[in-house]
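In the text below, chain A, chain B and the rest are named by the order of the sequence lines, each starting its count at 1.
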2 protein chains.
Amino acid sequence: MPYRYDYPHPAVAVDIVVFTIDDADLKVLLIRRRGPPFAGGWALPGGFVGIDESLKRAAWRELREETGVSAGILEQLHTFGHPQRDPRERVISVAYLAPVPADRLRPEPASDAREARLFSVSDLPLLAFDHAKILRLARERLRQKLEKSVLPLELMGASFTLTELQRACELILGVTLDKRNFHKKVHIMDVIEATGEEWREGQHRPAKLYRVKSRRDLTDR
Amino acid sequence: MPYRYDYPHPAVAVDIVVFTIDDADLKVLLIRRRGPPFAGGWALPGGFVGIDESLKRAAWRELREETGVSAGILEQLHTFGHPQRDPRERVISVAYLAPVPADRLRPEPASDAREARLFSVSDLPLLAFDHAKILRLARERLRQKLEKSVLPLELMGASFTLTELQRACELILGVTLDKRNFHKKVHIMDVIEATGEEWREGQHRPAKLYRVKSRRDLTDR
DNA sequence: GCAAAAGTGTTTGAGGTACACCCATGC
DNA sequence: GCATGGGTGTACCTCAAACACTTTTGC
């Protein structure tokens, strides 16, 4: 028992909400817990912060270790500190939001012998701890960002069609948008550019492909 | 040395940014540190979270203990966890934002033998730890809330004039606003009501006094 | 009567919303 | 040639911004 303090210290963890768009649905990455508490149950990926590790770095590492996913953007969401949120000991958890394009999840949970899976946000299992609460707040935040007219470019792959981008917005906002107004707005924003390529699929006119003009850093403080 | 853990635990603290409007200026409440580190320097009020205490409750208690101020609203701002932000040990700090009407600060720092003072945000001393960073983020957040057209009603006293409310907005946003547009907008929002009283001051027409219609809870999660 | 802040409407421009048809492709 | 989604323009309406004069008071 080597670590001793004059007064009690809580444990500090991070939990990561990975959102992606897959199969025309907004999905979250969850892991199955192996040990107690909530053994066998589903939970957000996460874990304890190393004593010399920044919070963001801990989030990045834990996500990587538990799911094999390397997050591009990690945005701090909220810190959850209810005294009884973990039955083992006092655990304060800093939650992070990580929008990841589906194509970065593909070779996916082939990592740490942990079962990881995408779940549609409209068909979630029971979650361990207060993770349902964390997820609810994460969805809210995602929506709020869109309402500030920030496009969910972090969720898009290397190239995408305007219809795909529109679907992403619709899934997050939970409404349907007008195609012409959407195209107009996106072009005025001037944040994406045509790649010149086209995407052929099905028996209809091919769609132009676009890419993000300059990926911006959503830095953490 | 009674508190032992299998692996190292960081300390968890809260810091509170109390904003108020006083003397036609946006001010922050700071305390003078008595012990090391940064002894004699100015810092945000704050302290360590009790092992069975929620984060918000800790923020409320510490603010009360150190400055005598009972915060009405405490909104979680951000969690700061840089490994070297405290020279003593690893300290993760959850920062809170507390807008307080000036009239609740009056009998003020007559509490814990600690020196506490309001500083204008445009004339700040050097701050201990990373508190300057926390304060910068707090001002930004305050501004963002106003831009989402949320009036800073938490900063107003029990009754106030429309001009006072407008000055508060102007101080936070750092711009001057048009009086007629402001009056119109506020009345459309329908969140304040005339008390029927008037405020006489100086050799000019008296101003109508208003009060908040229903104080809303900005609850923490 | 004069200084000083309170109060009060209208016009204009920008941006958002509603809405329908032709185009390119695969079968 | 037909079914399928891709792409495009205009009219209207709502909201935000600009802007100046009268009112009430203390001295």
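- For A/Q203 and A/I188, each mapped to the nucleotide of DNA chain C holding its nearest heavy atom, the one lying further toward the 5' end belongs to A/I188.
- Among the heavy atoms of the strands, none lies under 4.0 Å from A/K185.
- Shown for residues 166-182 of chain B: residues whose heavy atoms fall under 4.0 angstrom of DNA chain C, namely B/K179, B/R180, B/N181.
- When the P atom of D/dG26 is taken as reference, atom CH2 of B/W199 falls 14 Å away, rounded to whole Å.
- The interatomic distance linking B/K184 (NZ) with D/dA20 (C1') rounds to 14 Å, in whole Å.
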Could you pull out all donor-acceptor pairs under 3.5 Å where a side-chain atom in residues 163-170 of chain B meets a protein atom, sequence neighbours excluded?
{"unit_1": "B/E164", "atom_1": "OE1", "unit_2": "B/T161", "atom_2": "N", "d": "3.1"}
{"unit_1": "B/Q166", "atom_1": "NE2", "unit_2": "B/E170", "atom_2": "OE2", "d": "3.2"}
{"unit_1": "B/Q166", "atom_1": "NE2", "unit_2": "B/L177", "atom_2": "O", "d": "2.9"}
{"unit_1": "B/R167", "atom_1": "NH1", "unit_2": "B/E170", "atom_2": "OE1", "d": "3.0"}
{"unit_1": "B/E170", "atom_1": "OE2", "unit_2": "B/L177", "atom_2": "N", "d": "2.8"}

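- Under the ring pair (Phe, Tyr, Trp, His ring centres under 6.0 Å) criterion, the residue pairs touching residues 128-154 of chain B are B/F38-B/F129, B/F129-B/H131, with sequence neighbours excluded.
- Along DNA chain D, the nucleotide closest to A/H204 and the one closest to A/L162 are compared, and the more 5′ of them pairs with A/H204.
- In this structure, A/T161 reaches neither bases nor backbone, as no heavy-atom distance under 4.0 Å exists between it and the strands shown.
- A/R180 forms no cation-pi arrangement with A/F182, by the criterion of a distance under 6.0 Å to the ring centre and an angle within 45° of the ring axis.
- Partner of B/D130 under the side chain to side chain donor-acceptor pair (under 3.5 Å) criterion, chosen from B/R85, B/H82, B/R136: B/R85.
- Looking at B/K145 and B/E75, a side-chain N of the basic residue comes within less than 4.0 Å of a carboxylate O on the acidic one, giving a salt bridge.
- Paired with A/V18 under the rule side chain to side chain contact (heavy atoms under 4.5 Å, CB included), one option of A/L74, A/V100, A/T67, A/L44 passes, and it is A/V100.
- In this structure, B/R200 and A/A207 both approach DNA chain D, and ranking their closest nucleotides by distance from the 5' end singles out A/A207.
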Which pairs of donor and acceptor atoms, one on a side chain in residues 198-210 of chain B, lie under 3.5 Å apart (sequence neighbours left out)?
{"unit_1": "B/H204", "atom_1": "NE2", "unit_2": "B/E201", "atom_2": "O", "d": "2.7"}

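- Heavy-atom contacts of chain A under 4.0 Å fall on DNA chain C between two terminal nucleotides, which in 5' to 3' order are C/dT17 to C/dC27.
- Considering only residues two or more places apart in sequence or on other chains, B/A138 meets the side chain to side chain contact (heavy atoms under 4.5 Å, CB included) condition with B/V17, B/F19, B/L77, B/L97.
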